[in-house]
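Working notes for the structure below.
Counting starts at 1 for both ligands and their atoms, following the listed order.
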Amino acid sequence: MNDEATSVVRVGVVGAGAMGAAHVQTLTRWVGGARVSAVHDADPERTAQVAQLAGARAAASAEQLVGADDVDAVLVAAPDPLHEELVLACLAGGLPVLCEKPLATGTEGSRRVVDAELAGGRRLVQVGFMRRFDPAYVELRALVRSGALGDVRAAHCVHRNAQAHPDATSEGVLVNSMIHELDVVPWLLDDPLAAVTVHAARVPAGALRDVQVAVLETVAGAVVTVEVSVNARYGYDIHTEVVGTAGTASLTPPYGLGVRRAGLSGRVVGGDFVARFADAYREELAAWVQGIREDRPVGPSAWDGHRANLAASAAVESLHGAGRVEVPHEPTPPLYA
Ligand SMILES: NC(=O)c1ccc[n+]([C@@H]2O[C@H](COP(=O)([O-])OP(=O)(O)OC[C@H]3O[C@@H](n4cnc5c(N)ncnc54)[C@H](O)[C@@H]3O)[C@@H](O)[C@H]2O)c1
């Protein structure tokens, strides 16, 4: 590591858009034992702005940042198509890396990342499935595991973004957005996905295929519905309910504002993921940094990223007309057991 106390992890951030900037703020304000040392974005103004937030230097290129002496670990928050090559560069340099989801844009790419990590014999990759760190999801998982709900038979998930990202595609609704549920559902239920069937609402020819609803089947036989909308307009809204033979449990809003006004009584719905999952991002980054300091990998692995991609790829086949598609089962390599 570095002379700066051997214990401060100096983080280089690649991609300083909505997610990258939020991670820089979280690392700077909330995570002990780390500091952002370098930032690179394709947009130099954005680089300078976000670097300044953290008192970091602006790096001229991703290559320069990944190989730099003042970078002990890398956070990748660049657009999805860049994830694979950036993570592979980190693995080649022996650097811990937290890569935003998805790990790669397809299963071949995520397999290449897993293979590179296996070749190095050491877990260095954490994938940005932050819901695994969200306090409400953690409690829900503990409740399911305790048996208090009986045998799980079903779950219902809703995932609505206020406004589609400019790069949104019909397949991206699955591989970029629903990927969160494709990771978190098997984790919550401790039950791998067996098959997926995607239904998309009919839209005018050429329009973004939004809303999409998937029916997931798990290996143990539970049925899970997942609605994803990337243009819900009213706000960012996430629901999950688990249905067991002895009861049900659902996420309730963790905080927020209740308003009664103009004949309506209700709760303010936040506009984006940054506010809804603020606690999850803090926990995610704190666990990542702590894991690096203790040389002990934590959180969703490259294998989890690959498994989510296997399910997302099955979902895309289904969207393209294949009906019910089985999710391939690949044996877990010992490094990830
Ligand atoms: N875990 C989550 O909750 C969550 C939420 C949103 C986005 N994400 C992920 O984070 C990533 C970024 O998404 P976002 O919403 O911040 O998008 P964004 O469009 O706001 O930001 C992307 C940034 O990457 C920069 N960029 C483009 N090409 C680059 C390159 N070659 N090198 C360096 N930077 C480059 C852009 O200039 C932009 O600033 C995506 O992979 C997305 O899937 C995760």
Side-chain angles (χ1 to χ4, degrees), residues 12-27 38-53 56 58-66 71 74-90 97-106 109-110 113 125-134 137 159-169 171-184 187 228 230 236-238 270-285 287-288 299-300 304-305 308-309 312:
V13 176
V14 183
M19 192 71 262
H23 280 321
V24 167
Q25 301 249 31
T26 302
L27 279 167
V39 175
H40 171 71
D41 191 282
D43 173 351
E45 264 181 49
R46 190 83 193 149
T47 302
Q49 231 172 36
V50 176
Q52 197 185 19
L53 288 177
S61 69
E63 297 71 34
Q64 196 273 343
L65 179 145
V66 170
V71 170
V74 176
L75 194 158
V76 173
D80 301 0
L82 301 170
H83 292 185
E84 179 189 345
E85 68 176 83
L86 288 166
V87 172
L88 289 174
C90 292
V97 52
L98 192 153
C99 178
E100 264 310 333
K101 44 56 57 172
L103 178 56
T105 49
S110 53
V113 171
V125 180
Q126 181 174 325
V127 179
F129 290 130
M130 79 299 182
R131 292 190 194 182
R132 293 187 184 208
F133 295 93
D134 179 70
Y137 273 101
H159 177 163
R160 298 188 187 131
N161 287 287
Q163 197 173 352
H165 189 279
D167 298 340
T169 63
E171 292 74 19
V173 170
L174 301 166
V175 302
N176 181 279
S177 295
M178 196 184 288
I179 194 116
H180 277 298
E181 279 76 17
L182 299 176
D183 172 69
V184 91
W187 174 82
V228 173
V230 293
Y236 180 75
D237 205 9
I238 303 292
D272 69 8
F273 44 88
V274 176
R276 165 62 184 87
F277 283 110
D279 290 337
Y281 295 124
R282 278 182 210 135
E283 296 285 348
E284 172 188 55
L285 294 178
W288 180 54
D304 293 315
N309 270 8

Subject >> Among V87, D304, N309, the one residue meeting side chain to side chain contact (heavy atoms under 4.5 Å, CB included) with S110 >> reply: N309
Subject >> Note: D279-R282 ion pair, threshold 4.0 Å (strictly below) >> reply: yes
**OP:** Just jot down the side-chain contact (heavy atoms from CB on, under 4.5 Å) partners of Q49, sequence neighbours excluded, or say none.
**Re:** R46
Between ligand 1 and the protein, give all atom pairs where both partners are nitrogen or oxygen and the distance is under 3.5 Å, as lines of names plus distance to 0.1 Å.
from	atom 1	to	atom 2	distance (Å)
ligand 1	1 (N)	E100	OE1	2.9
ligand 1	1 (N)	G128	O	3.4
ligand 1	3 (O)	Y281	OH	2.6
ligand 1	16 (O)	A18	N	3.2
ligand 1	16 (O)	M19	N	2.8
ligand 1	17 (O)	H165	NE2	3.4
ligand 1	19 (O)	H165	NE2	2.8
ligand 1	20 (O)	A18	N	3.0
ligand 1	34 (N)	A42	N	3.2
ligand 1	37 (O)	D41	OD1	2.6
ligand 1	39 (O)	G17	N	3.4
ligand 1	39 (O)	D41	OD1	3.3
ligand 1	39 (O)	D41	OD2	2.6
ligand 1	41 (O)	A78	O	3.3
ligand 1	41 (O)	D80	OD1	2.5
ligand 1	41 (O)	H83	NE2	2.9
ligand 1	41 (O)	K101	O	3.4
ligand 1	43 (O)	D80	OD1	3.1
ligand 1	43 (O)	K101	O	2.9
ligand 1	43 (O)	K101	NZ	3.0
ligand 1	43 (O)	N176	ND2	2.9

Original post:
Looking at K101 and D183, does any basic side-chain N land under 4.0 Å from a carboxylate oxygen?
Top reply: no
**OP:** Measure the spacing between CZ of F133 and CG of L285 and express it to the nearest 0.5 Å.
**Re:** 9.0 Å
Original post:
Without hydrogens or angle criteria, can the side chains of H159 and E181 be said to hold a donor-acceptor pair below 3.5 Å?
Top reply: yes
